[in-house]
Number of protein chains: 2
Amino acid sequence: MKQGELSERKKQILKAVVEAHIDGGEPVGSKYIVQSNLLFCSSATIRNEMAELEELGYLVQPHTSAGRVPSEAGYRFYVDSLVEQYARTTHEVAQINQLLRVKMDEIDQILDMASRLASTMTNYTGIAIKPKANTVTMTRFEIIPMDINNFAIVMITSGGAVKTKKVRTEIAVSDSVLKKLADLLNAQLCGLGADMITLPIIMGIEEEMGEYAFLVNSAVKCVYEVMNEIDGGDMRLTGINNFLKYPEYSDTEKLSELLRTLESRDEILDLVSGSDNDKINVLIGSESSVKVMNNSSLVYIPIKKDGRTLGVIGVIGPRRMNYKQVLKALGDISDNISIIIGDEELSITDGKEKESK
Amino acid sequence: MKQGELSERKKQILKAVVEAHIDGGEPVGSKYIVQSNLLFCSSATIRNEMAELEELGYLVQPHTSAGRVPSEAGYRFYVDSLVEQYARTTHEVAQINQLLRVKMDEIDQILDMASRLASTMTNYTGIAIKPKANTVTMTRFEIIPMDINNFAIVMITSGGAVKTKKVRTEIAVSDSVLKKLADLLNAQLCGLGADMITLPIIMGIEEEMGEYAFLVNSAVKCVYEVMNEIDGGDMRLTGINNFLKYPEYSDTEKLSELLRTLESRDEILDLVSGSDNDKINVLIGSESSVKVMNNSSLVYIPIKKDGRTLGVIGVIGPRRMNYKQVLKALGDISDNISIIIGDEELSITDGKEKESK
DNA sequence: GTTAGCACTTGATATCAGAGAGTGCTAAAA
DNA sequence: TTTTAGCACTCTCTGATATCAAGTGCTAAC
């Protein structure tokens, strides 16, 4: 019997078991199902069906005389086929929108806020990830003299971000020299990724700068730093105390192991950077390549703009996570972020701000 | 009998109890003391002394037939008088220096790195705080036209940071208009704190701008945003799994409560922003105004430059924290940060970077 | 002032019986 | 053929009891 061929009643029983276990956390028995649900049959029948579902691998018995618990496959089937879609209330959407708008300033802050939001909405631990990338190039350089010994390099990146670095020289440098440096940077480095800025190019610029060649090194260093700032991965967790709300993490050993993995960050960064699926991803237990997550699930969604992944938000919780609620929350948040990112810059029309819907 | 008048032997016993409890975590009995230590007397004598120390409030008995545990006052006395200073190995200093240098880029990153470092060095949870402040003013504005509908405002702050914001206009604005706007901002807003930028000033600028008055609103908004970015408090924890290494946090309830408080951030921010002591601060148990910390200690040190507090780093752990180690680690890290912050900008002399020692 | 010895207290640990929950199986009913 | 009722069986959980070990306080001797 294949997955798709589960009888309607089996599906209903599986769904009931999963949902009962999600909010109780304990094995569910046949009697409980027959009471709570709309299934009209006796506990014995349920028992028979459950035995078959166990044979098929969707349910598991912790010990002989306990109720059933969904297996990983059980959760997977539930998430893929049984969890219903829900309608979003406009009220909620508006609320999220408002919260996110508070600081629509930088993508980092949006991600942070979003993860915080996800955590409070779902009661699981929120995660915000800025994945490693290698996509930034510069589109424009400006140099602003500050005083006789200092100037600032302003860099506009392919992503539209504006970044600045301050440089101090011990030798006074005239404005015209700085102008020349800016022109050269614009001519030689625009459009190049970190891996494309080669030594010959740098040396070429140094040659053109003549006696001021020493400035080039610092300038290039600034470029690298900015690229690294934008491309370098980062990760942040919110609502860690939420782990403690679920008995599966009361085993201190387990929790500690999980936290250690999460804090080392690399594994999660890799895990998430790999998938460039646009949709919500659900990793149940050992489906994730990270071994420690055997008893946890990770649900995440990439935040994209113009095809580029700007970041990832998600939640981490026990395997018996309330997938229905989590999927909804992440969907809502993601939608709102898209709206906000869409018109990230201040948009002015004659003194009044305009918001895109 | 006052604190200072504890007999030498009592001091030694207190010290022994504190240190034994710090690395064992369990109540220490008279027998243990007599074995481990250099005190040459019998367990009965120790018992008598301990009974007196308990009367004086430095020790506490969890129950009648258990060993003694240091009280809050006991720890306080230990930290103030008994913990010896230590010599720093040059090796360690160099190591920290190297680690911190990796990204001497922004104060945020330094703090973050420092807290991570503190956590790994001490095996407690590291904390990095950027306190709320209201000290930023602008010292210089530049406007860079990007294309017909976009320009960037570059702001140089009193702290020397360079910040940029992008602005989009739906109406094309010429370079000369932007130049005028920049001049006005420089003339009117430089040196003013957030609370000093009043409506009359803004309206004055708008008047001068004539038909382009609508630009002023966005510009001012940018200024506020930047000030908020720099002044707004933030807090970040590292090494949370370290909590779980100590049995005092195996009570899930307690840990959860602590984490909740830490994540709400406000209490800690206030707590730390209040003290502008330059030295290392040690808050033991209920000495902190945060109720939940009754069983925890917080040790922190402000990071200053030119008298301004840029941030705070510290560690949080059980009350029986290894104060000796923690004080040393934080001292070392703080020193290194000071060195690094001292020459924050890139300093160039004829092509070679110079580093201040 | 110090020490040895002993009775006492108390938490921790192990063992055991009984209760409760839930199953699997068999035989009867639909 | 499917469903149901009944019953014996298994396994965990709980609470009670007994035992153990650690550490103290106190008294009497040094």
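This is a predicted model, so every value here is computed, not measured. Proteins come first, then strands; the chains are lettered A, B, ... in the order of their sequence lines, and each starts at number 1.
Summarising the geometry, the separation between CZ on B/F40 and C1' on C/dG1 is reported as 19 Å, rounded to the nearest angstrom. Across the protein-nucleic acid pair, B/I13 atom CD1 and D/dG23 atom C1' stand 16 Å apart, rounded to whole Å. When rounded to the nearest whole Å, the span between CD1 of B/I46 and C1' of D/dA22 equals 17 Å. The distance between atom OH of A/Y32 and atom C1' of C/dT23, rounded to the nearest whole Å, is 19 Å. Per the geometry, CD1 belonging to B/I33 stands 15 Å off C1' belonging to D/dA22, to the nearest Å.
Closest approach of A/T125 and A/I240 over heavy atoms only: OG1-CA, 3.8 Å.
For residues 57-68 of chain A, the pairs satisfying salt bridge (charged side-chain N to carboxylate O under 4.0 Å, His left out) are A/E54-A/R68, with sequence neighbours left out. Contacts classified as salt bridge (charged side-chain N to carboxylate O under 4.0 Å, His left out) and involving residues 115-129 of chain B (residues at least two apart or in different chains) are given here: B/D112-B/R116. For residues 245-266 of chain A, the set of pairs meeting the ring-ring contact (aromatic ring centres under 6.0 Å, His included) definition, not counting sequence neighbours, comprises A/Y124-A/Y246, A/F243-A/Y249.
Qualifying side chain to side chain donor-acceptor pair (under 3.5 Å) partners for B/E287, counting only residues two or more places apart in sequence or in other chains: B/R76. In this structure, the side chain to side chain donor-acceptor pair (under 3.5 Å) partners of A/S42, at least two apart in sequence or on a different chain, are A/T45.
Nearest-nucleotide assignment on DNA chain C puts the 5′-proximal partner with B/S43, out of B/S43 and B/P62.
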All N/O contacts under 3.5 Å from nucleotides 24-29 of chain D to the protein, with atom names and distances to one decimal?
{"from": "D/dT24", "atom 1": "OP1", "to": "B/S30", "atom 2": "N", "distance (Å)": "3.2"}
{"from": "D/dT24", "atom 1": "OP2", "to": "B/S30", "atom 2": "N", "distance (Å)": "3.4"}
{"from": "D/dT24", "atom 1": "OP2", "to": "B/S30", "atom 2": "OG", "distance (Å)": "2.7"}
{"from": "D/dG25", "atom 1": "OP1", "to": "B/R68", "atom 2": "NH2", "distance (Å)": "3.1"}
{"from": "D/dG25", "atom 1": "N7", "to": "B/R47", "atom 2": "NE", "distance (Å)": "3.2"}
{"from": "D/dG25", "atom 1": "O6", "to": "B/R47", "atom 2": "NH2", "distance (Å)": "3.3"}

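Taking 4.0 angstrom as the limit, B/T45 places none of its side-chain polar atoms (N or O) nearer than this to OP1 or OP2 of C/dT2.
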